[in-house]
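Computed from heavy atoms alone, side chains included, the values below leave out hydrogens, waters and symmetry copies. Here is how names work: the chains are called A, B, and so on, in the same order as the sequence lines, proteins then strands, and each is numbered from 1.
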Protein chains: 2
Amino acid sequence: MLRGDITAAIRNAVMNELAEVGYGRLSIEAVARRAGVGKTAVYRRWSNKLEMVLEIVSGVAERSVPMPDTGSFASDLQLLMFVVSKALQHRIASQIIPDLMAEAARNPQIAETLQRALRTHQLTVGEQIVGQAVKRGELPAGADPELAVDLMVGPLYWRLAVSRTPIGDDYVETLAAAVMAALRGSPPAH
Amino acid sequence: MLRGDITAAIRNAVMNELAEVGYGRLSIEAVARRAGVGKTAVYRRWSNKLEMVLEIVSGVAERSVPMPDTGSFASDLQLLMFVVSKALQHRIASQIIPDLMAEAARNPQIAETLQRALRTHQLTVGEQIVGQAVKRGELPAGADPELAVDLMVGPLYWRLAVSRTPIGDDYVETLAAAVMAALRGSPPAH
DNA sequence: CGACGACGTGACGGTTGCGTTTCGACGTTC
DNA sequence: GAACGTCGAAACGCAACCGTCACGTCGTCG
């Protein structure tokens with residue numbers, strides 16, 4: 001019964017408003033104003049700010065990281081890091097993600113949602129490609145998927161979402177090579 | 001003329017308030033309330049929220065990362081990462097830093113302050129220890145200090161401040177070894 | 001055609017914070 | 001002991017936003 005175009009306008013307004021002012025200062029009034037709709041239309045769909053943001057953001061976030069299976073660990077790694085780097089260079093995403101991450105540190109509901117939408121999936125992907133790599137003999141048997149994820153995502157996140165220094169054309173490639181070396185050369189965990 | 005104990009109480013209140021509600025929702029009223037102080041006392045010292053937060057935070061942040069010179073790159077690296085990991089596991093810091101980082105993405109003044117207080121110093125340290133390592137022959141000649149910093153700080157930041165998964169006793173050690181391998185094994189930049 | 005429901009508008013009372021001002025109390029300084 | 005400046009408390013007018021409600025419009029379904 002709710003009109004789809006209006007819902008879409010609100011979703012869009014929420015994302016932009018989140019990017020501009022952040023979760024802490026996001027107000028329903030501003031969202032409605034920006035979407036060109038009445039507050040009523042918003043409250044008819046979600047009962048408060050938290051619920052609204054969580055539903056909208058997790059909807060967007062879930063279609064994110066792919067599960068690569070290119071046949072070699074090196075290219076799995078490169079593909080994965082390339083996708084992540086693209087995502088983190090998206091204007092809106094690079095504003096919203098750090099903001100929600102910070103907010104998650106003090107709001108368990110946000111934390112749980114992001115956990116489910118991002119981190120869990122990442123870890124699954126990490127286990128998958130590391131597992132395959134070990135099977136193929138490309139990595140030593142004790143290779144730790146959790147460490148692998150930290151090494152893959154950490155530098156990209158730091159550089160693109162936190163430090164925000166622009167990267168060169170071959171930065172991702174260089175970084176992927178470095179991660180490769182780290183995982184191959186590091187002793188098995190424990 | 002301003003009473004020092006009151007200034008200290010306000011500084012303390014700002015840090016705690018920042019950790020609890022974040023910059024976006026931080027209000028001067030709440031700071032004064034928490035410090036047990038009149039709003040007048042706050043406005044007598046700083047003229048608005050931004051100025052107050054910047055002055056206080058950068059004061060705290062500047063005495064942060066040391067310049068290690070242990071004689072070997074491996075132990076420089078380990079020391080540095082240990083210090084960073086300790087800092088990022090501090091309850092207050094691990095709440096405030098991601099919050100301000102996110103805020104920096106939309107407020108140039110915050111960005112510039114953090115840049116000066118953290119990133120620039122980090123890069124200097126990075127250049128220093130990588131430079132020494134190259135001189136000693138521990139790293140190939142083309143080793144890139146910027147990449148090194150991303151590899152050192154990124155995973156720690158991601159794991160401790162973003163993902164917030166607890167780390168084991170030897171995690172930092174393992175990570176340092178991985179970074180070591182990455183820097184030694186990676187091709188020279190360009 | 002008539003009922004229904006979602007729509008935008010605008011207003012509601014209540015809360016919170018802004019930055020400023022006034023007040024009386026207290027402690028220094030001279 | 002008088003003058004000064006900081007202190008906390010409280011109030012100021014103003015603005016934003018909360019969540020709700022009443023209204024009139026419009027499109028759709030039956």
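- The shortest heavy-atom contact between B:Ile28 and B:Lys49 is CD1-N, 4.0 Å.
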* Encode nucleotides 24-30 of chain C as B, S and - characters from 5' to 3', where the letter depends on protein heavy atoms closer than 4.0 Å: B to the base, S only to sugar-phosphate, - to neither. => -------
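- Residue contacts shown for A:Arg25 are absent, as no nucleic acid heavy atom lies under 4.0 Å away.
- Remark: P of C:dT9 and CZ of A:Arg44 are 13 Å apart, rounded to the nearest angstrom.
- When the shell of 6.0 Å around CD of A:Gln109 is examined, it contains 12 or fewer heavy atoms from other residues, nucleotides or ligands.
- The CD-P distance, from B:Glu17 to C:dT16, rounds to 14 Å in whole Å.
- In this structure, B:Asp99 contributes its side chain and B:Gly22 its backbone to no donor-acceptor pair below 3.5 Å.
- With a 4.5 Å cut-off on side-chain heavy atoms, A:Arg119 and A:Val149 count as touching.
- Rounded to whole Å, atom P of C:dG17 lies 17 Å from atom CG of B:Asn48.
- Between A:Tyr43 and A:Asn48, the side chains place no donor N or O within less than 3.5 Å of an acceptor N or O (distance only, hydrogens not considered).
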* Where do A:Leu160 and A:Ser85 land on the side-chain contact (heavy atoms from CB on, under 4.5 Å) test, with the steps shown first? -> CA-CA 8 Å; A:Leu160 297 175; A:Ser85 82; 3.9 Å; yes
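- By the rule that hydrophobic residues join a cluster once side-chain heavy atoms approach within less than 4.5 Å of another member, B:Phe82 and B:Ile97 end up as members of separate clusters.
- Taking the 5' to 3' direction, DNA chain D first and last meets chain A under 4.0 angstrom from a heavy atom at D:dC17 to D:dC21.
- Ranking C:dG19, C:dA6, C:dG8 by closeness to the B:Lys39 side chain, first place goes to C:dG19.
- In this structure, a donor-acceptor pair under 3.5 Å is present between the side chains of A:Arg45 and A:Thr7.
- B:Thr40 comes within 4.0 angstrom of a nucleotide base, judged by non-hydrogen atoms across all strands.
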